[in-house]
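So the structure is just underneath, and the comments pick up after that.
This is a predicted model, so every value here is computed, not measured.
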Amino acid sequence: MTPNVGVVVFPGSNCDRDAHWSFGLMGAKVRYLWHLETDLSELDAVVLPGGFAYGDYLRVGAMAAYSPVMEAVKEFAASGKFVLGVCNGFQVLCEAGLLPGALRRNDTLRFRCMPVRVRVETQDTAFTTGMWPGQVLAIPIAHFDGNYYCTQECVEQLEAERRVAFRYCDREGELTEESNPNGSVGHIAGVFNEHRNVLGMMPHPERAVDPVVGGTDGRLILTSLLSSIASAASRVPSP
């Protein structure tokens, strides 16, 4: 079974080609979704890529959250299918209410474009099944508004429900001040929704799938998702 993946293109998206190419490289059938589309019925997963959707006017992700495609994405996620939001896509998911919290300006007030390390916090999700808790991945970031924030009550709930996907860390997996590139609360680099079928993350796994660009750790996230989709399909009884 070849998973079908749709990559949303908003006015201002600039990582849509990277997402399309990387999922195709991993063996998926991929197509672009213009932000006005609403029929996602043939897809197994939807990707909201990085960029500057609608120029990030008003607030990062705020206008994109009201695009026609996002109403379809909400229904898609509610049906149990998978949604991955990367960087600007993470911001859009938070603005649309599909994930808790918000992304604020980096605490340095500078755009950060650099390789970082993140620690895998849980294995039992479709996005992380090919990794182990505590595993350290090297994946690049490129953002000005990547400072994840939510209330202390929200953080405690995310912790209790094991919905923190990744944390910024050093080479040894330690959560040091220097390893947090944007000031995110609890070093959080990515979170899941309540049902764990929606993941938002600031680092770009689609930019870490080829040794030519410096590493392949991003493959682990993409292949985990595609393998989970294929496995789920194989368990569905034939009519």
Side-chain angles (χ1 to χ4, degrees), residues 3-10 13-33 35 40 43-51 53 61 64-65 67 69-70 72-101 103 118 120-131 137 139-143 146 148 163-166 188-209 217-230 232:
N4 288 294
V5 177
V7 178
V8 176
V9 182
F10 297 106
S13 294
N14 65 14
C15 299
D16 44 322
R17 290 178 181 268
D18 292 347
H20 189 290
W21 178 81
S22 61
F23 271 98
L25 184 67
M26 299 299 103
K29 180 181 179 181
V30 194
R31 77 173 183 91
Y32 292 114
L33 296 169
H35 69 113
L40 312 181
L43 298 174
D44 300 300
V46 169
V47 179
L48 306 184
S67 282
V69 73
M70 287 308 298
V73 169
K74 290 178 182 179
E75 294 176 6
F76 186 83
S79 74
K81 292 189 176 181
F82 301 105
V83 179
L84 170 63
V86 176
C87 197
N88 190 226
F90 186 9
Q91 296 162 346
V92 174
L93 289 174
C94 289
E95 287 289 336
L98 284 166
L99 290 174
L103 282 305
V118 295
V120 180
E121 295 297 291
T122 182
Q123 183 183 35
D124 56 345
T125 78
F127 300 92
T128 57
T129 186
M131 295 163 273
L137 310 179
I139 303 177
I141 59 169
H143 57 248
Y148 182 73
R163 290 167 52 195
V164 176
F166 308 103
I188 293 173
V191 297
F192 300 108
N193 69 335
E194 182 179 355
H195 300 291
R196 299 185 179 208
N197 63 310
V198 177
L199 167 63
M201 59 185 298
M202 288 310 296
H204 287 265
E206 80 284 2
R207 296 184 183 179
V209 297
D217 284 355
R219 286 178 176 238
L220 296 171
I221 297 169
L222 306 191
T223 56
S224 289
L225 175 57
L226 296 180
S227 296
S228 296
I229 292 170

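- Using a 30° and 60° split on the angle between ring planes, His35 and Phe10 fall in the tilted class, from 30° to 60°.
- The line from CE of Met70 to CG of Leu48 is 5.0 Å long, rounded to the nearest 0.5 Å.
- With rounding to the nearest 0.5 angstrom, the CG atom of Leu220 is 11.5 Å from the OG1 atom of Thr129.
- In this structure, Ser224 contributes its side chain and Gly130 its backbone to a donor-acceptor pair below 3.5 Å.
- Looking at heavy atoms from C-beta onward, Asn193 lies out of side-chain contact with Leu98 at the 4.5 angstrom threshold.
- The closest donor-acceptor contact from the side chain of His204 to the backbone of Val86 lies at 3.5 Å or more, if one exists at all.
- Checking Asp16, Asn14, Leu84 one by one against Pro49, the side-chain contact (heavy atoms from CB on, under 4.5 Å) holds for a single residue, Asp16.
- Listed here is the closest heavy atom pair of Ala19 and Val7: CB-CG1, 4.1 Å.
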Could you check Val83 against Val73 for side-chain contact (heavy atoms from CB on, under 4.5 Å), going step by step and ending with a plain yes or no? CA-CA 8 Å; Val83 179; Val73 169; 4.1 Å; yes

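- In this structure, the side-chain contact (heavy atoms from CB on, under 4.5 Å) partners of Arg31, at least two apart in sequence or on a different chain, are Leu33, Glu37, Glu42, Leu43.
- Note: Glu206 CD to Ile139 CD1 = 9.5 Å, rounded to the nearest 0.5 Å.
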Under the criterion side-chain contact (heavy atoms from CB on, under 4.5 Å), I'd like the reasoning laid out for Ser13 against Val8: C-alpha separation, chi angles, the key distance, then a yes or no. CA-CA 8 Å; Ser13 294; Val8 176; 6.0 Å; no

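- Put simply, the residue from Leu226, Leu225, Val5, Ile221 that forms a side-chain contact (heavy atoms from CB on, under 4.5 Å) with Met26 is Leu226.
- Between Lys81 atom NZ and Leu40 atom CG the span is 8.5 Å, to the nearest 0.5 Å.
- In this structure, Pro100 and Tyr148 have side chains that are in contact, with non-hydrogen atoms separated by less than 4.5 Å.
- At least one side-chain heavy atom of Leu137 sits under 4.5 Å from a side-chain heavy atom of Met131.
- Going from atom CZ of Arg207 over to atom SG of Cys87 covers 7.0 Å, rounded to the nearest 0.5 Å.
- Arg163 meets the side-chain hydrogen bond (donor to acceptor under 3.5 Å, both in side chains) test with Glu161; sequence neighbours excluded.
- Between Phe82 and Thr125 the shortest side-chain heavy-atom distance does not fall below 4.5 Å.
- Remark: the backbone N or O of Ala77 is paired with a side-chain donor or acceptor of Asn197 at under 3.5 angstrom.
- In this structure a side-chain-to-backbone donor-acceptor pair under 3.5 Å is present from Ser79 to Phe76.
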side-chain contact (heavy atoms from CB on, under 4.5 Å) between Leu93 and Val198: does it pass, once the steps are laid out? CA-CA 9 Å; Leu93 289 174; Val198 177; 3.9 Å; yes

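- Side chain of Gln123 to main chain of Thr128: no donor-acceptor pair is present (N/O by atom type, distance under 3.5 Å, no hydrogens or angles).
- Taking the salt bridge (charged side-chain N to carboxylate O under 4.0 Å, His left out) definition, one finds that Lys74 meets it with Glu71, sequence neighbours left out.
- Scanning both residues, Val118 and Ala189, for their nearest heavy atoms gives CG1-CB, 3.9 Å.
- At distances below 3.5 Å, not a single donor-acceptor pair connects side-chain atoms of Ser67 with backbone N or O atoms of Val69.
- A donor-acceptor contact shorter than 3.5 Å is absent between the side chain of Asp44 and the backbone of Pro3.
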Applying side-chain contact (heavy atoms from CB on, under 4.5 Å) to Arg17 and Tyr32, what does each step give before you reach the verdict? CA-CA 9 Å; Arg17 290 178 181 268; Tyr32 292 114; 3.5 Å; yes

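- The nearest pair of heavy atoms linking His20 to Val30 is NE2-O, 3.3 Å.
- From Thr122, atom OG1 reaches atom CZ of Arg196 across 4.5 Å, with rounding to the nearest 0.5 Å.
- Listed here is the closest heavy atom pair of Ser22 and Leu222: OG-CD1, 3.7 Å.
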